[in-house]
Amino acid sequence: MRYLTAGESHGSQLTAIIEGVPAGLMLSIEKINQELARRQGGYGRGGRMKIEQDQVEITSGVRHGKTLGSPITMTVKNKDWKNWQTVMSISPVSEKEASLRRVAKPRPGHADLVGGMKYQHRDLRNVLERSSARETTMRVAIGALAKQLLSSLAIEVAGHVAVLGGIKAKIPPKLSVAAIKEKTAISAVNMVDLTVEDQVKTLIDTTKKVGDTLGGIVEVRVENVPAGLGSYVQWDKKLDGKLAQAMLSINAFKGVEFGIGFEAASLLGSEVMDEIIWNKKGYQRKSNHLGGFEGGMTNGEPLIIRGVMKPIPTLYKPLMSVNIDTKEPYKASVERSDITAVPAASVVAEHVIATTIAMELLDYFPADNMQELKKAVENHRKMIRSF
Ligand code: EPS
């Protein structure tokens, strides 16, 4: 399975083409739309989310509710486009019109300046339109399809916010995917610890008042992934490496860890490794400090993957930068931004992880139809259990 996304933040629409999905997967558009709505939510979002109500349209690869095995095209319309038709016009416009909403003042921490230098765009809007996190809409749409494929193999995925603006959610050590879904469904900030919710909301409110933004840490858990996905035999076959890349491909993400992650640096080896036991279900681990990975392979324990998101760089509070026309210093300022998008990013993370696992499964068990895939996964599970 492979995919591409396309689309500008204020262009007419976002598009994804996904190839390699086996035929015969029952695909619920309603479920995709529910995930898109989850991504749009979260306390601390800005004005744009009041305009958009993301709804997917599928224009190929699906018939009568089932995948055909042919490329699947998904689109989501940008409602805001009606306000940007001249600025984002595909056809040439007058010089005066072309200068409307021109961006000449790069925001520190954004792709603006380097993107401009690299692609030789004197209007930095040409950079920000594609580097915008609006693109994550399609990653969620693709991931929502991937989650339906994984679900049919009894593999479940959920994401939540572990830390927002320095406030940590208390996370039970054996937090299940079902518990994450249940708890976050009633949380305005996608946290499993409802006791800190008010504190987080107050922090978002006070941060908004001073024109600043907040980052955080998101966590994704995946249950029932068969042991043995990924491999130790070559650097680019390690699945934890692929998942790290997927996590870091989300806008504003700066780091990844598995299980206890960076905490392992200050513990002894005997405190970190997960002891092996055997029972009727096969091999198990007494703990899951390593987050379900050994030697770049899944070991059958739940996957625990965390990613850190920097605070959004579009700030109301001025930071120093340089005007690319005059080369004069100036104080950056903007009209519209999110205060935090960490709750949304936890939904995005859940979906990019689901997509990467689905891609890995389809690499490992190549299949043209769902029956073939289910059988191959079932056989693999039997083989692992009887080792
Ligand atoms: C974004 C800036 C804001 C966010 C946007 C990402 O958009 P605008 O510039 O239109 O106010 O709302 O996020 C989305 C549109 C979205 O769907 O998540 C940015 O610069 O990255």
Side-chain angles (χ1 to χ4, degrees), residues 5-16 32-56 74-85 87-88 100-103 105-116 121 123-144 159 161 189-190 204 208 211-216 218 249-254 309-316 319 321 332-352:
T5 73
E8 273 72 45
S9 181
H10 304 97
S12 63
Q13 67 176 39
L14 304 162
T15 307
I32 301 176
N33 286 335
Q34 281 166 6
E35 303 296 4
L36 292 177
R38 280 180 65 217
R39 191 201 70 91
Q40 286 201 269
Y43 200 77
R45 289 285 244 160
R48 176 76 185 272
M49 287 305 105
K50 292 192 180 84
I51 301 171
E52 305 296 344
Q53 280 136 23
D54 296 337
Q55 298 273 305
V56 75
M74 293 179 170
T75 59
V76 171
K77 296 258 185 279
N78 285 322
K79 287 198 163 183
D80 204 14
W81 182 62
K82 67 176 187 308
N83 306 313
W84 292 80
Q85 289 187 45
V87 175
M88 295 305 293
L100 290 171
R101 308 293 295 256
R102 173 170 178 249
V103 177
K105 299 166 179 176
R107 296 158 296 173
H110 233 280
D112 302 349
L113 180 60
V114 188
H121 288 311
D123 182 353
L124 302 178
R125 174 158 302 285
N126 292 342
V127 178
L128 74 85
E129 283 292 335
R130 181 61 186 159
S131 66
S132 162
R134 179 80 185 132
E135 188 265 347
T136 61
T137 308
M138 293 330 281
R139 305 267 220 114
V140 170
I142 298 160
V161 173
V189 285
N190 226 20
I204 294 171
K208 183 178 182 174
D212 227 314
T213 58
L214 296 166
V218 305
S249 76
I250 305 170
N251 309 51
F253 273 57
K254 301 299 282 181
M309 183 187 199
K310 71 184 179 189
I312 286 173
T314 309
L315 296 168
Y316 289 84
L319 282 184
S321 184
S333 71
V334 287
E335 285 165 27
R336 188 170 76 179
S337 175
D338 302 323
I339 310 308
T340 184
V342 179
S346 68
V347 178
V348 177
E350 171 183 314
H351 286 82
V352 302

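Counting convention: from 1, in listed order, for ligands and their atoms alike. Starting from 1, each residue takes its place in the sequence as its number.
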>> Taking side-chain contact (heavy atoms from CB on, under 4.5 Å) as the definition, give me every residue that meets it alongside T314, ordered by chain and number, with sequence neighbours left out.
In response: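 Counting only residues at least two positions away or on another chain, T314 forms a side-chain contact (heavy atoms from CB on, under 4.5 Å) with R107, H110, I312, V334, S337.
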
> Quick check: does R134 get an N/O under 3.5 Å from an N/O on ligand 1?
Replying inline: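 It does: an N or O of R134 is found under 3.5 Å from an N or O of ligand 1.
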
> Considering distance alone, does some N or O of R45 sit under 3.5 Å from an N or O of ligand 1?
Replying inline: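 Checking ligand 1 against R45, an N or O pair does fall under 3.5 Å apart.
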
> Within a strict 4.5 Å, meaning less than it, do heavy atoms of the T5 and T15 side chains meet?
Replying inline: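 Not in contact.
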
>> Please list the nearest protein heavy atom to atom 21 (O) of ligand 1 with its residue and the distance rounded to 0.1 Å.
In response: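 Nearest protein contact, heavy atoms only, for atom 21 (O) of ligand 1 is A133 N, 2.9 Å.
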
> Got the closest protein heavy atom to atom 8 (P) of ligand 1, with its distance?
Replying inline: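 Here the closest protein heavy atom is R336 NH2, 3.4 Å.
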
> What closest approach, in Å, do R134 and M49 show between heavy atoms, and which atom pair accounts for it?
Replying inline: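 Taking every non-hydrogen atom into account, NH1-CE, 4.2 Å.
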
>> Testing the basics here: between L14 and E8, what is the closest heavy-atom pair and its distance to 0.1 Å?
In response: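 Smallest interatomic distance, heavy atoms only, reads CD2-O, 4.0 Å.
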
> Considering only heavy atoms, does R48 approach ligand 1 within less than 4.0 Å through its side chain, its backbone, both, or neither?
Replying inline: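 Looking at R48 and ligand 1, just side chain atoms fall under 4.0 Å.
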
> Between D54 and ligand 1, which residue portion shows a heavy-atom distance shorter than 4.0 Å: side chain, backbone, both, or neither?
Replying inline: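 None of D54 does.
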
> Between N83 and D80, do the side chains contain an N or O donor and an N or O acceptor separated by less than 3.5 Å?
Replying inline: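 Looking only at side-chain atoms, D80 and N83 do form a donor-acceptor pair, the distance falling under 3.5 Å.
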
>> So if I count the atoms of ligand 1 from 1 in the order they appear, which ones are less than 4.0 Å from some heavy atom of M49?
In response: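 It comes down to these atoms of ligand 1: 14 (C), 15 (C), 16 (C), 17 (O), 18 (O).
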
> Just going by heavy-atom distances, which of R39, H10, R107, E52 is nearest to atom 18 (O) of ligand 1?
Replying inline: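 Nearest option to atom 18 (O) of ligand 1, by heavy atoms: R39.
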
>> Taking atom NZ as the centre, does K310 end up with more than 12 heavy-atom neighbours from other residues, nucleotides or ligands that are less than 6.0 angstrom away?
In response: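 Atom NZ in K310 is packed in, count exceeds 12.
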
